Every structure is written in structure tokens, then in C-alpha cells.
Amino acid sequence: MKVIIFASGSDGDIHPHMGIGRELVARGHHVVFITTFNYVDVARECGFEALSFFDQNEKQDLDRSTENLGAIAKIKRYYRSYSAKTSEVCELVAGRLDDQSILIAPPFAYPVARLLHSKYGTPYVSTVLAPVNLLSRKDPPAIKSMRWYSALPYWARTLLFHGLERLLIDPVLRMLLKESVRKLDLPMPSRILSEWGYSPQRVMGLFCDWFSPPPADWPTQITLTGFPLYDPNSGKQTLSAGLSQFLDAGSPPVVFTAGTGTKDPHLFFETALKAVQTLGMRGVFLTRLTDQLPPLPDTVWHESYTSLNLLLPRSSVFVHHGGSGTAALALSAGTPQLLLPTEEMGQLDNAHHIERLGCGLVQENSLDSSSVTEKLQYLLTAQQVRDACRSAQARMEPSAKTCGRAADVIEETFRSVGKIAATA
């Protein structure tokens, strides 16, 4: 096969797709990895043909063109940019399609993959890293601004969603797709968010059913493969000498990270420092933004970047934002988690799944030092949390197995489509 994989975002979004791609390369398939400029070199080291759909100059130009705009004007500018980029990427990929191709796309690339599938009949597998990306009216995901929606009865949620999709969501998304649909000479789709975007052939959830039991109204074509906890630097990384010495010198520390997307974590780390000092604990602060750190005592170590695979098993509690990949790493390490979600979607829902498993607690206000301290105290001492973490850790599978299962799904989807075409 020629497997065309789209991937964008942070390490937690891209590394799982790299792991699946590596498994496919090992099986003799050709992988085309379409990503952002900052991951192209890593993708090539994995043995992929790597292409960038968004380079550094484009990002800088877009940032400069919007920095002095008001909110509405900025939205319109990003809207036009996304619409043009969708059309551009469709043209980029269309030139590489043949009858051995299959498309693998996470949510941001659903429109491109579904347009190409509709035009050329190329097999298409949707990937989903977090349950929040799968719409459900029976069991709505936890989203801060949508709590009122979850409180409605099922019939009201269904009626309201269909009305919003028809009157608001579809018209907006059709405007985004207008240029691409015209160039590909395709009919304009409907029910874009709830039905059209997903692959009609296979949706692949990159998490476990025990992490998020599937509601009855998830797509019937979904397969859950487990967490593909791939790290391209696995086997190469070691803890720094300073961090190793710090870990050896005392009790397991509480590890704090504000997430790579946080631009101003100063208050977060001030709160973290106050919490560990109040509890008499040692801490490790992870951030590349060293100028945002308060003065640190000898009981707190700062590291710009390190391997969580190596650090978390030696930690007492992991305090983080709730990204799906990060949360899965902590489950694999058997480390209790205090989750401080900052994003509107995804992180809060992941955090509630961790809390439901008994492996952590959610704290929505990351700057409430008394609540952070109180919840850390509980996580450090509660035996039931330790038991739940060990139970979850025992259920986690190695990356080789989950990436292999995902590769099986992709190969089976390609074979099935071929059989259908041959029969037709």
C-alpha cells in the first residue's frame, strides 16, 4: 500500500501516527507523512516520505497579518486561510494518489480525506485520539461551555443538535469547503460534522474501551485499537545527570508540566511551588520557558525537556493539563494524576475519564493553591488511588501491540475495499 497519513498538533497528536506509520513501513508499505514543518525531519528519520502542508514562513505571515486585528476580523482571516489550505492540500495529495493508496486522517484533516475519498474512491480511515472527537448525544463529552447541554434530556439534546447542525454548523462548514468542492466538481455535502467527515469505511479510536466505554450512538464502523504510545526517541533517551542525581537523592517527587501550548505558565508554577512546599514534598518542573519560573529551592528541580517514560515511574504524582497522550503515559507508568485542563475541548473530557477510573482528580482552576494542595495530599496518601493506578497499568498494552493492531485495521480496510471493487 501507499499509506498517506496526515498528522498535526503536538507530540501527543503526532507520535501515535508515527508509531502506526513505522509499523506499516516494517511490513513493507510506503508511508507518505503529511505534517507541519517542525516534524518533517523526524518523519523522514522514521523512514517516511515526509511533506509539509504548513511551513514556518506561512505561520509567521499569518501571525503577523492577524496580530492587530479585532476578534471578528481575526476569525475571518483564519477562516479564509483554512479554506484555501484545504483546497491546496487536496491538490497536493491528489497528485500522489494511485490504486494502491489509502488515506489515514485525524479530525483536522477529515475534510481533505473525505473530499478525496468522494472524488477518487480512495480508501479512507478516520483516526480519533480522544473520545471527545466522537460526537454522542447519549453520552455527551465533558466540555466546559456545554455542561448545560449534557443536563438536557436525550430527546432535547437530539432536537437541539440537529437544529444547530442544519441552521448553523453546516452553513459555516460549507463555506469552508466551497472552494475545494468547486475545484473537485463534487456535490456540497450535508450533516458535515455528525456524519460526512468520518470515513464511511472505518473509524479507528486510538484508545481503549475500558478508558471510554463506547456509547450506542458512536459510528457503527468504529474499532478501538488501544493507546499507541510511540516515542521516536525510545531507546535513545536518558535522564540528564542532574535529574538522575536529584531523583536518587530523595523521595519520589511530584512532577508538574503546564503543557507545551501554554505561553505564560508563571502563575501555574508559582502555585505548584506553594503546593509542594506546603506539603513538604520534592518537585520536578518541566518547561522550556525558563524565564517563567519563580526562584526554585533545592527541593525542586527544573528540566526543560525529558522522557516521561523514564521519569513518571519514579514520580509520586503527575500534574498536567490532560492531553490524551500525556494521560495515557501516566496510566502506563501507574502514576496518580492531578489534571488541570486548560482547553475548552478534549482535556476536560480526558480528565473526567481518568477520574472515573479512580486514577486521578480534576482541578479546573489551576491557580487555586489550596485546592491543588488538598487534592495532591489525597493523591499522595489514598490507597484506593494506588490500587486503581496499578489496575489500569496492568491493562495497558505495549506500543508494538497497539500499533500493530492499528496497522492490521488499515490493511484489512484496504483489502475489504479491494474486494468490494472487484465484486462490483
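Since the structure is predicted, the reported quantities are computational estimates derived from the model, not experimental observations.
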Parallel, tilted or perpendicular: which describes the rings of F211 and H353, with under 30° parallel and over 60° perpendicular?
-> tilted

Hey, can you tell me if F227 and F207 have their rings parallel, tilted or perpendicular (30° and 60° cut-offs)?
-> tilted

What's the separation between atom [atom1] in [X] and atom [atom2] in [Y], rounded to the nearest 0.5 Å?
{"X": "I354", "Y": "Q337", "atom1": "CD1", "atom2": "CD", "result": "4.5 Å"}
{"X": "I169", "Y": "I192", "atom1": "CD1", "atom2": "CD1", "result": "10.0 Å"}
{"X": "L376", "Y": "T381", "atom1": "CG", "atom2": "OG1", "result": "10.5 Å"}
{"X": "I410", "Y": "H29", "atom1": "CD1", "atom2": "NE2", "result": "9.0 Å"}
{"X": "T127", "Y": "L103", "atom1": "OG1", "atom2": "CG", "result": "11.5 Å"}
{"X": "R282", "Y": "W301", "atom1": "CZ", "atom2": "CH2", "result": "11.0 Å"}

Report, as yes or no, whether the 6.0 Å neighbourhood of atom [atom1] on [X] holds more than 12 heavy atoms from other residues, nucleotides or ligands.
{"X": "R166", "atom1": "CZ", "value": "no"}
{"X": "D298", "atom1": "CG", "value": "no"}
{"X": "K85", "atom1": "NZ", "value": "yes"}

Could you pull out the closest heavy-atom pair between [X] and [Y], with the gap in Å?
{"X": "I20", "Y": "C403", "value": "N-SG, 3.9 Å"}
{"X": "S304", "Y": "R288", "value": "O-CG, 3.6 Å"}
{"X": "Y198", "Y": "N133", "value": "OH-O, 3.3 Å"}
{"X": "V362", "Y": "E355", "value": "N-OE2, 3.1 Å"}
{"X": "L273", "Y": "V300", "value": "CD1-CG2, 3.9 Å"}
{"X": "D99", "Y": "F414", "value": "O-CZ, 3.8 Å"}

With a 4.5 Å limit on heavy-atom distance, are the side chains of [X] and [Y] in contact?
{"X": "P123", "Y": "Q201", "value": "yes"}
{"X": "L186", "Y": "L115", "value": "yes"}
{"X": "F161", "Y": "L135", "value": "yes"}
{"X": "I4", "Y": "V93", "value": "yes"}
{"X": "D408", "Y": "T225", "value": "no"}
{"X": "T35", "Y": "V40", "value": "yes"}
{"X": "L289", "Y": "P265", "value": "yes"}
{"X": "V284", "Y": "S315", "value": "no"}

Given 3.5 Å as the limit, does a donor-acceptor pair link the side chain of [X] with the main chain of [Y], or not?
{"X": "R157", "Y": "L152", "answer": "yes"}
{"X": "S118", "Y": "R114", "answer": "yes"}
{"X": "Y39", "Y": "H15", "answer": "no"}
{"X": "S87", "Y": "S180", "answer": "no"}
{"X": "T402", "Y": "S399", "answer": "yes"}
{"X": "S316", "Y": "P253", "answer": "yes"}
{"X": "K119", "Y": "A94", "answer": "no"}

Short N-O contact, R147 and E364, less than 4.0 angstrom = yes

Salt-bridge test for R27 and E23: reply yes if a basic N is under 4.0 Å from a carboxylate O, no otherwise.
-> yes

Is there a donor in the side chain of S416 and an acceptor in the side chain of E412, or the other way round, less than 3.5 Å apart?
-> yes

Does the side chain of D217 come under 3.5 Å of the side chain of S136 through a donor N or O and an acceptor N or O?
-> yes

List for me each residue that meets side-chain hydrogen bond (donor to acceptor under 3.5 Å, both in side chains) alongside Y230, sequence neighbours excluded, and say none if there are none.
-> R22

In residues 391-398, what donor-acceptor pairs under 3.5 Å come from side-chain atoms, sequence neighbours left out?
residue : atom : partner : partner atom : Å
Q393    : NE2  : S332    : O            : 3.2
Q393    : NE2  : A333    : O            : 3.3
E397    : OE1  : R405    : NH1          : 2.8
E397    : OE1  : R405    : NH2          : 3.3
E397    : OE2  : R405    : NH2          : 3.0

I would like to know whether I14 and V42 meet side-chain contact (heavy atoms from CB on, under 4.5 Å); could you show each step before the answer?
-> CA-CA 11 Å; I14 292 177; V42 179; over 6 Å; no

Residues F268, L340; criterion side-chain contact (heavy atoms from CB on, under 4.5 Å); working and verdict | CA-CA 10 Å; F268 169 83; L340 314 174; 3.3 Å; yes

Take S126 and Y124 through the test side-chain hydrogen bond (donor to acceptor under 3.5 Å, both in side chains) and record every step on the way to the result.
-> CA-CA 7 Å; S126 303; Y124 161 36; 3.0 Å; yes

Just do the side-chain contact (heavy atoms from CB on, under 4.5 Å) check on R137 and Y149 with the steps written out, would you?
-> CA-CA 9 Å; R137 295 178 294 281; Y149 178 76; 3.5 Å; yes

From CA spacing to verdict: side-chain hydrogen bond (donor to acceptor under 3.5 Å, both in side chains), E303, S240 = CA-CA 9 Å; E303 196 83 3; S240 70; 2.8 Å; yes

Please walk me through it: do T299 and V276 pass side-chain contact (heavy atoms from CB on, under 4.5 Å)?
-> CA-CA 9 Å; T299 53; V276 292; 6.0 Å; no

